[in-house]
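Written below as structure tokens is the structure these notes are about.
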Amino acid sequence: MAIRDQLPEVFPDTEFSGAFGARGRPALSPGLLALVTVLQMAENLTDRQAADAARKDLTWKYALGLGLADEGFDASVLSEFRTRVVEHGLEERALDLLLAALKEKGLVKPGGKQRTDSTHVISAVRDMNRLELAGESVRAVLEALAAAAPGWLATVVDVEPWSRRYAARVDSWRLPVTASKRADLAVAFGTDAVTLLEAVYRADVPGWLRELPAVQVLRTVLVQNYQVTDTPRGREVRRRAADEDGLPPARVRLGSPYDTDARWAAKGEDLFWLGYKIHLSETCDDDDGDNRAPNLVTNVATTDATVPDASMTEPIHQTLAGRKLAPGEHYVDSGYPSAALVASSLKDFGTVLISPLLGDCSPQARAGAGYDRAAFAIDFEQQNAVCPQGRTSSSWSPCTQRGTDAVVIKFAKTTCQPCPARGRCTTSKAGYRQLTVLPRQLHELQHTARLAQATRDWQHEYRRRAGVEGTIRQAVAVTGTRRARYRGLARTHLEHVYSAVALNLIRLHAWWNGHPMDRTRTSHLARLELALAA
């Protein structure tokens, strides 16, 4: 009810008109369906429960502007709405509209302080190992062909034995225990896949059959997990061995035939999941008392699980700049920045990226003994380096490593081998010390940033970042963000965007009613400082 009073017509129908044609059967108001989807996320409801609430709940009817006698709509309408929104690239329109309305009210603005963090999202499909994936991919193609061309399929395969093997989902079987039987089953799945694909790609078969999504998925699974070779005895199908034949990298390897966007990823030793990652950005301006504006989500980014956080720093800044909400200070953890990103964020967006830069990862620095990189004096004018023993480098070579400009500095073997401190400097079999440093501007920025982040003032200010973890916790508790509702990256992103809108409205409702802001999670450093002060 507060939404209707404070933000009337926040989702106008005209903003979604591109996804809804003027011809055909009359459609429900897309603005109304957008608000229903937001309320659905706010209360973590299924489609059927949301449709029932729109029909029975008086507060929902008030928010949606429906009459008391309105009979509502069928739950399938919500799925159709999401499909149209995704197909026309309108996933973020609801968040854009809300932020535009809040900007007019002065609740969000550019140049303030924001913070970002990410968390894992488990896909809406079941986890499968490689054996289950191969068998289920064959089964998915059989299901698709049985629906699209049942008569043709009966002429290609012997229906009875194939139906016995693929009648039930493969991941519902009790798979063989012994390695030899599992290997035989894997070969059988691969042979069946080759048989189906050869039949579909025959010249006399209609071309549209090979364009079925399930057929394309099976081709990919076969290439990624099997080797097919022609031998004098005929065609041989063999499953790839990870150690001998190699497997595709995780960023391209399929994990399920039913969600081709989901990827396997790991974080630390305990977290291993199939799915996606969500990056949430929110405002975190200075506290002016209990009546200050609430922290509001300004951006949501969804990626597959393999995309590193650092790859999203610039896209997040670009999106915020496009909304004219680029922050003056952006607080992130050490996974997002690099010296180059710190420099480019300030230059391109006017944003100061506040984050601890990762330290020297050389063996000497990790061991805390010997001569790490900071022990060497780098002279960019003379293009050389001087070691702690006073010896000068012999070569200075600008280069590009993994797409990043760098400088490789080498000391001569004749200099390093007789050095009495060689054991503290290098254990290289080549017999000399080598350094890799960034170009001058980035090297100096990196050095300055590392000195600053060791100060107490910087650490005190950086505590602000910890609050975004409370926002992620709220998203998980309220909207179930950590488990995807839908399949595919685009639909999962739509879910995340509407969940973010729901979080903003929940926070705005508390603020409109004069509730004081809850304290965000206090970091370990903050608790330590409070204890020391006491």
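All residue numbers in this chain count up from 1 along the given sequence. Because the structure is a prediction, the values reported are computed rather than measured.
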Side-chain donor-acceptor pair under 3.5 Å between [X] and [Y], yes or no?
X      : Y      : answer
Thr481 : Thr479 : yes
Arg210 : Gln216 : no
Thr119 : Arg482 : yes
Ser345 : His330 : no
Gln224 : Arg253 : no
Arg130 : Asn225 : yes

Can you confirm whether [X] is buried at [atom1], in the sense that more than 12 heavy atoms of other residues, nucleotides or ligands lie under 6.0 Å from that atom?
X      : atom1 : value
Asp243 : CG    : no
Asp270 : CG    : no
Glu71  : CD    : no
Arg238 : CZ    : yes
Arg251 : CZ    : no

Going by the rule side chain to side chain contact (heavy atoms under 4.5 Å, CB included), which residues pair with [X] if we only count those two or more places apart in sequence or in a different chain?
X      : result
Asn44  : Arg485
Pro213 : none
Glu91  : Val86, Ala490, His493, Leu494

Strictly distance-based, threshold 3.5 Å: is any side-chain N or O of [X] a donor or acceptor partner for the main-chain N or O of [Y]?
X      : Y      : result
Gln49  : Thr46  : yes
Ser428 : Ala430 : yes
Glu132 : Asn129 : yes
Arg93  : Glu15  : yes
Asn504 : Leu296 : no
Arg82  : Arg491 : no

(request) Return each pair, listed once, that meets salt bridge (charged side-chain N to carboxylate O under 4.0 Å, His left out) where at least one residue sits in residues 254-264; pairs must be two or more places apart or across chains. (result) none
(message) Under the salt bridge (Lys or Arg N to Asp or Glu O under 4.0 Å) test against Glu282, which residue among Arg465, Arg115, Arg464 passes?
(response) Arg115
State plainly whether the residues [X] and [Y] are in salt-bridge range, i.e. N to O under 4.0 Å.
X      : Y      : result
Arg139 : Glu143 : yes
Asp52  : Arg55  : yes
Arg323 : Asp96  : yes

(request) For residues 240-273, pull every pair meeting ring-ring contact (aromatic ring centres under 6.0 Å, His included), keeping only residues two or more places apart or in separate chains. (result)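 Only His120-Trp273, Trp264-Phe272 qualify under ring-ring contact (aromatic ring centres under 6.0 Å, His included).
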(message) Taking ring-ring contact (aromatic ring centres under 6.0 Å, His included) as the cut-off, I'd like each qualifying pair that reaches into residues 222-243, sequence neighbours left out, listed once.
(response)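 Applying ring-ring contact (aromatic ring centres under 6.0 Å, His included) to every pair that reaches into residues 222-243, excluding sequence neighbours, yields nothing.
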Is any side-chain heavy atom of [X] less than 4.5 Å from a side-chain heavy atom of [Y]?
X      : Y      : value
Phe81  : Leu28  : no
Arg202 : Val205 : yes
Phe11  : Val38  : yes
Asp304 : Leu489 : no
Ser29  : Leu33  : no
Met312 : Thr319 : no
His496 : Val501 : no
Tyr498 : Leu503 : no

(request) Output all residues satisfying ring pair (Phe, Tyr, Trp, His ring centres under 6.0 Å) with Trp162, sequence neighbours left out; order by chain, then residue number. (result)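 If we apply the ring pair (Phe, Tyr, Trp, His ring centres under 6.0 Å) test to Trp162, skipping adjacent residues, the hits are Tyr166.
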Supply the atom-to-atom distance [X] [atom1] to [Y] [atom2], rounded to the nearest 0.5 angstrom.
X      : Y      : atom1 : atom2 : value
Glu92  : Leu99  : CD    : CG    : 10.0 Å
Thr471 : Asp117 : OG1   : CG    : 10.0 Å
Leu218 : Leu254 : CG    : CG    : 10.5 Å
Gln318 : Asn299 : CD    : CG    : 11.0 Å

Ignoring hydrogens and angles, write down the donor-acceptor pairs under 3.5 Å from the side chains of residues 331-340, residues two or more places apart or on other chains.
from	atom 1	to	atom 2	distance (Å)
Tyr331	OH	Glu329	OE1	2.7
Tyr331	OH	Glu461	OE2	2.6
Asp333	OD1	Gly335	N	3.0
Tyr336	OH	Ser118	N	3.4
Tyr336	OH	His279	ND1	2.7
Ser338	OG	Leu341	N	3.2

(request) Could you pull out all residues at least two apart from Ser79 that satisfy side-chain hydrogen bond (donor to acceptor under 3.5 Å, both in side chains)? (result) none
(request) Using side-chain hydrogen bond (donor to acceptor under 3.5 Å, both in side chains) as the criterion, list what pairs up with Glu198, not counting sequence neighbours. (result)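 side-chain hydrogen bond (donor to acceptor under 3.5 Å, both in side chains) check on Glu198 returns Arg235.
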(message) One pair to check against side-chain contact (heavy atoms from CB on, under 4.5 Å): Val215 and Tyr201. What are the steps and the verdict?
(response) CA-CA 10 Å; Val215 173; Tyr201 276 84; 4.3 Å; yes
(message) For Ile506 and Gln474: C-alpha separation, side-chain torsions, deciding distance, then whether side-chain contact (heavy atoms from CB on, under 4.5 Å) applies.
(response) CA-CA 10 Å; Ile506 290 171; Gln474 184 184 21; 4.1 Å; yes
(message) Please determine whether side-chain contact (heavy atoms from CB on, under 4.5 Å) holds for the pair Gln227 and Val237, giving the CA-CA distance in whole Å, both sets of side-chain angles, and the decisive distance to 0.1 Å.
(response) CA-CA 6 Å; Gln227 284 190 331; Val237 179; over 6 Å; no
(message) Restricting to salt bridge (charged side-chain N to carboxylate O under 4.0 Å, His left out), what partner residues turn up for Arg165, sequence neighbours left out?
(response) Asp192
(message) Using every non-hydrogen atom in the two residues, find where Pro315 and Ser311 come nearest and quote the distance to one decimal.
(response)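 Minimum heavy-atom separation between Pro315 and Ser311: CD-O, 3.3 Å.
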(message) Give me the atom names and distance for the closest heavy-atom approach of Ala50 to Val36.
(response) CB-CG1, 4.4 Å
(message) Using the rule given for side-chain contact (heavy atoms from CB on, under 4.5 Å), can you reason through Leu39 versus Ile3, listing the C-alpha separation, both sets of side-chain angles and the distance that settles it, and then say yes or no?
(response) CA-CA 10 Å; Leu39 297 176; Ile3 294 170; 4.1 Å; yes
Check residues 145-161 and write down every donor-acceptor pair under 3.5 Å in which the side-chain atom is one partner and the other belongs to a residue at least two apart or another chain.
from	atom 1	to	atom 2	distance (Å)
Thr155	OG1	Trp152	O	2.5
Glu160	OE2	Arg164	NH1	3.4

